[in-house]
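Only heavy atoms go into these numbers, but all of them, side chains included; no hydrogens, no water, no symmetry mates. It should be emphasised that the depicted structure is a prediction, and the values quoted were computed from it without experimental measurement.
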Amino acid sequence: MAMVMMTVPTMAMLPSEDVFADSGSTYAVGLVEGTPYDYSPTFNLSDVTVEISGSAATWLSVSGTSIHGSAPEVSSNTESYDLTIRASTTQPSQEAYQYIQFTVYDTLELDYNDEGTVMTYVGGYVDMFPTVNFTDGVTFSATGLPTGVHIDETTGTISGSPSNDGPYSAMITVSHMASGQEDTYGMDFQVSKAIEVLSGTDMYMVNGQELPSSESPDHYRLECNIDGLTFELDGSVSGIEINSDGTFTGIPSSMGDIPMKITITEESTGQTYEFTLNMHIVSKLTFDSVPTGGIIVSGA
């Protein structure tokens, strides 16, 4: 995209004193590296010869009266080049000049290094920083971000806490007004639900008795609202373990009402949740009495 504006003339090449000469004006043109540039000046007379000089002449050339070439690659955000265009005629000898100051811009590039889908959860915190090769003069915008997550228009930082679960496909755009460039970056979010425990807060066990298998009623299993979780007991009740599917196994060797803390983790997002389960461990049911009346035969 070429941008042209008038600026203060610079005398890159002085007209000859022995000809009729127009000292000319200076123009500013902005280009992105690799962009073709074509300029065919027009004149009020015929049989005009065009010559160019200056640092831009290393990547521009003249064909007839047309000037063409491609903006060179730059090693920084911008590099400047100057061009003097000399037009001349004979009978009588005349000269006219134009001066162009080129600003060549680096190609705008945006990256977030998110390594694929961003895994997070409702209530979790997202904090992502962009990598962009222009240090200033850029603005950022985004569409499709999770509800509760926003982008800073100046820095491009994406932050916030998602308030709704689900998949999201976002598009981030960086714009550089001076060069007229834009670059986009696609970003996917997978927002899982916040961990909730669906089963009760009390569990009843018998001291010294093995718990029923995983096919038993749900009160021997910690049921949650999402899958992909790991469980960790604090070890308050000796002999009891919790498995990867949330089922409890083992033989309790304690007595009484014991609160047991369970740490639940969603490995893909790092979400954790602490849940306290009250273990009520009672002794094995036995008879304290023997039958009365008649003849008692022990062990019959």
Side-chain angles (χ1 to χ4, degrees), residues 1-16 21-44 48-88 94-113 129-143 151-158 171-186:
M1 178 182 295
M3 297 173 291
V4 180
M5 61 182 180
M6 294 289 294
T7 61
V8 178
T10 59
M11 301 299 293
M13 178 187 293
L14 292 176
S16 303
D22 175 13
S23 59
S25 300
T26 300
Y27 302 85
V29 174
L31 296 171
V32 177
E33 61 180 4
T35 302
Y37 181 73
D38 292 286
Y39 174 42
S40 297
T42 58
F43 307 94
N44 62 331
V48 176
T49 299
V50 171
E51 301 172 87
I52 61 173
S53 61
S55 58
T58 59
W59 48 273
L60 290 173
S61 60
V62 177
S63 177
T65 59
S66 296
I67 300 168
H68 55 85
S70 294
E73 292 186 4
V74 295
S75 56
S76 58
N77 286 167
T78 61
E79 291 185 11
S80 299
Y81 299 86
D82 62 89
L83 185 72
T84 298
I85 305 173
R86 176 180 178 270
S88 62
Q94 295 190 74
E95 295 176 353
Y97 290 82
Q98 281 187 343
Y99 307 96
I100 302 177
Q101 295 174 338
F102 289 96
T103 299
V104 179
Y105 296 91
D106 193 8
T107 302
L108 183 63
E109 296 178 354
L110 174 66
D111 189 20
Y112 273 88
N113 299 317
F129 301 90
T131 300
V132 63
N133 57 334
F134 279 71
T135 56
D136 51 30
V138 294
T139 57
F140 298 85
S141 61
T143 58
I151 188 168
D152 188 296
E153 294 181 356
T154 302
T155 66
T157 300
I158 297 173
M171 183 63 69
I172 318 302
T173 301
V174 60
S175 303
H176 185 244
M177 183 178 296
S179 65
Q181 294 186 85
E182 285 189 351
D183 193 29
T184 56
Y185 187 90

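Rounding to the nearest 0.5 angstrom, the gap separating the OG atom in Ser175 from the CD atom in Glu182 is 3.5 Å. One finds the OG1 atom of Thr58 at 7.5 Å from the CG atom of Leu60 (value rounded to the nearest 0.5 Å). Atoms OH and CD, from Tyr185 and Glu109 in turn, are 13.0 Å apart once rounded to the nearest 0.5 Å. Between Ile172 atom CD1 and Asp111 atom CG the span is 12.0 Å, to the nearest 0.5 Å. Here Gln181 contributes atom CD and Tyr105 contributes atom OH; the two are 9.5 Å apart, rounded to the nearest 0.5 Å. Within the model, atoms NE2 of His176 and CG of Asn77 stand 7.0 Å from one another, a figure rounded to the nearest 0.5 Å.
Counting all heavy atoms, side chain and backbone alike, Glu33 lies closest to Pro72 at CB-O, 3.2 Å. When all heavy atoms of Pro41 and Tyr39 are compared, the pair lying nearest together is CD-O, 3.4 Å. The two residues Ala57 and Leu83 come nearest to each other via the heavy atoms N-CD1, 3.9 Å. When all heavy atoms of Pro130 and Thr155 are compared, the closest pair comes out as CG-O, 3.2 Å. Nearest heavy atom pair, residue Val132 against residue Leu108, reads CG2-CD1, 3.9 Å. Of all the heavy atoms in Val74 and Ser76, the pair that sits closest is CG2-O, 3.2 Å.
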request  = Report the C-alpha distance between Thr139 and Ser141 in whole Å, list the side-chain angles of each, state the deciding distance to 0.1 Å, and finish with yes or no for side chain to side chain contact (heavy atoms under 4.5 Å, CB included).
outcome  = CA-CA 7 Å; Thr139 57; Ser141 61; over 6 Å; no

request  = Go through the steps for Phe140 and Leu110 under the test side chain to side chain contact (heavy atoms under 4.5 Å, CB included), then give the verdict.
outcome  = CA-CA 10 Å; Phe140 298 85; Leu110 174 66; 3.9 Å; yes

message = Pair Asp82, Tyr99 - check side chain to side chain contact (heavy atoms under 4.5 Å, CB included), show working.
response = CA-CA 7 Å; Asp82 62 89; Tyr99 307 96; over 6 Å; no

request  = Please step through side chain to side chain contact (heavy atoms under 4.5 Å, CB included) for the pair Phe102 and Trp59, ending with a clear verdict.
outcome  = CA-CA 12 Å; Phe102 289 96; Trp59 48 273; 4.0 Å; yes

Less than 3.5 Å apart, which donor and acceptor atoms pair up between the side chains of residues 61-69 and the rest of the protein, not counting sequence neighbours?
residue: Ser66; atom: OG; partner: Ser40; partner atom: OG; Å: 2.9

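In this structure, Thr157 contributes its side chain and Phe129 its backbone to no donor-acceptor pair below 3.5 Å. Of the possible donor and acceptor atoms, none in the side chain of Asp106 sits under 3.5 Å from a partner among the backbone N and O of Ser75.
Side chain to side chain, Tyr81 and Glu79 meet the donor-acceptor criterion of an N or O pair below 3.5 Å.
Between Asp183 and Phe134, every side-chain heavy-atom pair lies at or beyond the 4.5 Å cut-off. Between Phe43 and Val50, the closest side-chain pair of non-hydrogen atoms falls below 4.5 Å.
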